[in-house]
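Position 1 is the first residue of the sequence; numbering continues from there. As a basis for the values below, the full set of heavy atoms in this structure was taken, side chains included, without hydrogen atoms, waters or symmetry mates. Start at 1 and go down the list; that is how both ligands and their atoms are numbered.
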Amino acid sequence: MGFSTIAIHAGNEPDPATGAVSVPIYQTSTYAQDGLGRHKGYEYARTQNPTRTALEKNIAALENARFGFAFASGMSAIDSVLKLVKAGEHVLLGDNTYGGTFRLFDRVLRNYGVEFDLVDSSDLSEFENAFKPNTKMVFVETPTNPVMTVTDLAAVAELSHARGAKVVCDNTFMSPYFQRPLDLGCDIVVHSTTKYLNGHSDSVGGFAALNDEKDAEWIGFIQNSIGAILSPMDSFLVLRGTKTLAVRMEAHDRNGRQVANFLAEHPRVEKVYYPGLASHPQHELAKRQQSGFGGMVAFETGSLENAKKVLEGVKLCTLGESLGGVESLISHPASMTHASVPEERRSQLGITDGLVRISVGIEDAEDIIADLDQALA
Ligand code: P1T
C-alpha cells in the first residue's frame with residue numbers, strides 16, 4: 001500500500017462500540033473490569049489507552065516498524081530510548097542536534113553515568129575512529145537542526161553494527177514521508193511529533209519506533225514505569241495530523257525549495273543551509289537517502305544586528321521556537337533552540353549570532369518570499 005493509504009488507514013479502524021470513523025478521544029483514566037483479572041485488554045490509562053494505541057499503530061506503520069510508542073514530548077521519547085543504555089556505557093552523539101538533546105546528555109544523563117562523545121557523523125572516518133569498546137549506541141539527527149548536515153544512515157548503521165552499537169535516528173525534520181531510517185538500517189527512529197507529524201502547532205509529543213522485540217519490550221516497560229505518555233487528546237490530534245502528512249510534506253518541500261533558491265540569490269544572505277540546493281556539500285547523499293528536502297532552511301545574515309532586523313522585520317512569518325506547522329516560523333538558533341550549546345561549539349558548527357532558521361510553512365510561496373524580501377531590505 002502507498003504512504004497516504006497507510007497514513008489514513010493504519011490504526012484508524014472504525015470504533016468497535018459505535019462505528020465512529022474517527023478514533024474517539026478516550027478521555028478516561030481507568031477501565032471497568034469484568035471480574036478479578038478479567039478485562040478487555042485495558043486496565044489503567046498510563047499503561048494503555050485506545051486513542052494512543054491507534055496512533056502508535058499508525059506511526060509505526062509509517063516508519064515501517066513493528067513497534068511504536070507515543071510519548072509526552074520528543075524529549076521524553078529520546079530520554080526513554082536512552083534508557084537502553086546503562087551507567088558505564090558510551091554513546092556517540094552527533095555533534096549537531098537540537099539543543100535540548102545535547103542538554104539531556106550533557107546535564108542529565110551524565111549524572112547517571114552514561115558516557116558520551118560528540119562526533120561529526122557526516123565524516124565517516126572521524127566517526128569510525130570515535131568508537132570505544134563500551135560504545136553501545138549512536139544517536140544522530142539527519143538533516144541536523146539547524147545547519148542541515150546530512151549523515152549517511154546506511155553507512156553509519158553498517159559501521160555501528162560491526163562494532164556492536166545500535167543506531168538511533170531523530171527523523172523529526174524529514175518525517176517518514178521523506179526518509180525511513182529503519183529501512184536504511186537504523187535500529188530505532190525517534191520523533192518530536194510536535195513538528196511535522198502533528199503539523200498544526202497545537203500539540204507537544206514524541207515517538208519511538210523500532211523492530212527489535214526485546215528493545216521494544218524494554219521501551220514499553222520504561223514508558224509505563226516512567227509514565228511520560230502522550231495524552232488521549234494529543235494522540236487524537238497527531239492521528240488527525242498524520243492523515244495529511246503526505247500532502248503537507250509535498251507543500252513544505254515545494255515552498256522550501258523556492259525559499260532556499262530565493263535566499264541563495266539574495267545579496268544580503270551570505271550562506272544558505274538547505275540540502276536541496278546543488279551547492280549543499282551533501283546534496284547527492286540527500287538525494288539518495290531522502291525522497292524530498294522538506295521545509296527547513298537556515299541562512300547566514302553576517303551579524304546579530306542583521307539577524308535581528310530580519311527576525312523582527314517579518315510580518316507574515318512568526319518569530320518563535322518550534323517548526324513543522326502549516327504556518328511559517330522564523331527563529332534565532334543561537335539564542336533560542338541552541339542556547340544550551342556552549343558558544344564555542346556553536347560557532348564551530350556554524351550556529352552563529354547571524355544565523356536565522358525558517359520553518360517554511362504551506363502558505364503561498366510568493367507571500368513567504370515577499371515577506372522575507374521586505375525584512376531583508
Ligand atoms: O519539543 P519536543 O517535542 O520535546 O521535541 C524535542 C526535539 C527533538 N528533536 C528535534 C530534531 C527537535 O527539533 C526537537 C524540538 N525542536 C524545537 C523546539 C526547535 O524549535 O527546534
**OP:** Give the ring-plane orientation class for Phe131 versus Phe127, where under 30° counts as parallel, over 60° as perpendicular and anything between as tilted.
**Re:**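 The rings of Phe131 and Phe127 stand perpendicular, inter-plane angle above 60°.
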**OP:** Give me the ring orientation class for Tyr31 and Tyr42: parallel if the planes are under 30° apart, tilted from 30 to 60°, perpendicular past 60°.
**Re:**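 Taking Tyr42 first and then Tyr31, their aromatic rings sit tilted (interplane angle of 30° to 60°).
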Which pairs of N or O atoms, one from ligand 1 and one from the protein, are separated by less than 3.5 Å, and what is the distance for each pair?
{"unit_1": "ligand 1", "atom_1": "3 (O)", "unit_2": "Gly74", "atom_2": "N", "d": "2.9"}
{"unit_1": "ligand 1", "atom_1": "3 (O)", "unit_2": "Ser192", "atom_2": "OG", "d": "2.8"}
{"unit_1": "ligand 1", "atom_1": "3 (O)", "unit_2": "Thr194", "atom_2": "OG1", "d": "2.7"}
{"unit_1": "ligand 1", "atom_1": "4 (O)", "unit_2": "Gly74", "atom_2": "N", "d": "3.1"}
{"unit_1": "ligand 1", "atom_1": "4 (O)", "unit_2": "Met75", "atom_2": "N", "d": "2.9"}
{"unit_1": "ligand 1", "atom_1": "5 (O)", "unit_2": "Ser192", "atom_2": "OG", "d": "3.1"}
{"unit_1": "ligand 1", "atom_1": "9 (N)", "unit_2": "Asp170", "atom_2": "OD2", "d": "2.7"}
{"unit_1": "ligand 1", "atom_1": "13 (O)", "unit_2": "Asn145", "atom_2": "ND2", "d": "3.0"}
{"unit_1": "ligand 1", "atom_1": "16 (N)", "unit_2": "Lys195", "atom_2": "NZ", "d": "3.3"}
{"unit_1": "ligand 1", "atom_1": "20 (O)", "unit_2": "Ser322", "atom_2": "N", "d": "2.8"}
{"unit_1": "ligand 1", "atom_1": "20 (O)", "unit_2": "Arg357", "atom_2": "NH2", "d": "2.9"}
{"unit_1": "ligand 1", "atom_1": "21 (O)", "unit_2": "Asn145", "atom_2": "ND2", "d": "2.9"}
{"unit_1": "ligand 1", "atom_1": "21 (O)", "unit_2": "Arg357", "atom_2": "NH1", "d": "2.8"}
{"unit_1": "ligand 1", "atom_1": "21 (O)", "unit_2": "Arg357", "atom_2": "NH2", "d": "3.4"}

Original post:
So, do Tyr273 and Phe299 have ring centers that fall under 6.0 Å from each other?
Top reply: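 Between Phe299 and Tyr273, which both carry aromatic rings, the centre distance is not below 6.0 Å.
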Original post:
How about Arg268: does its CZ atom have over 12 heavy atoms from other parts shown lying under 6.0 Å from it?
Top reply: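 Counting neighbours around CZ of Arg268, 12 or fewer heavy atoms of other residues, nucleotides or ligands fall under 6.0 Å, so no.
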Subject >> Asp215, Asp212, Asp187 screened by salt bridge (Lys or Arg N to Asp or Glu O under 4.0 Å) with Lys166, the one that passes >> reply: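 Answer after filtering Asp215, Asp212, Asp187: Asp215.
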Original post:
Glu366: what forms a side-chain hydrogen bond (donor to acceptor under 3.5 Å, both in side chains) with it, not counting sequence neighbours?
Top reply: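 For Glu366 there are no side-chain hydrogen bond (donor to acceptor under 3.5 Å, both in side chains) partners, ignoring immediate neighbours.
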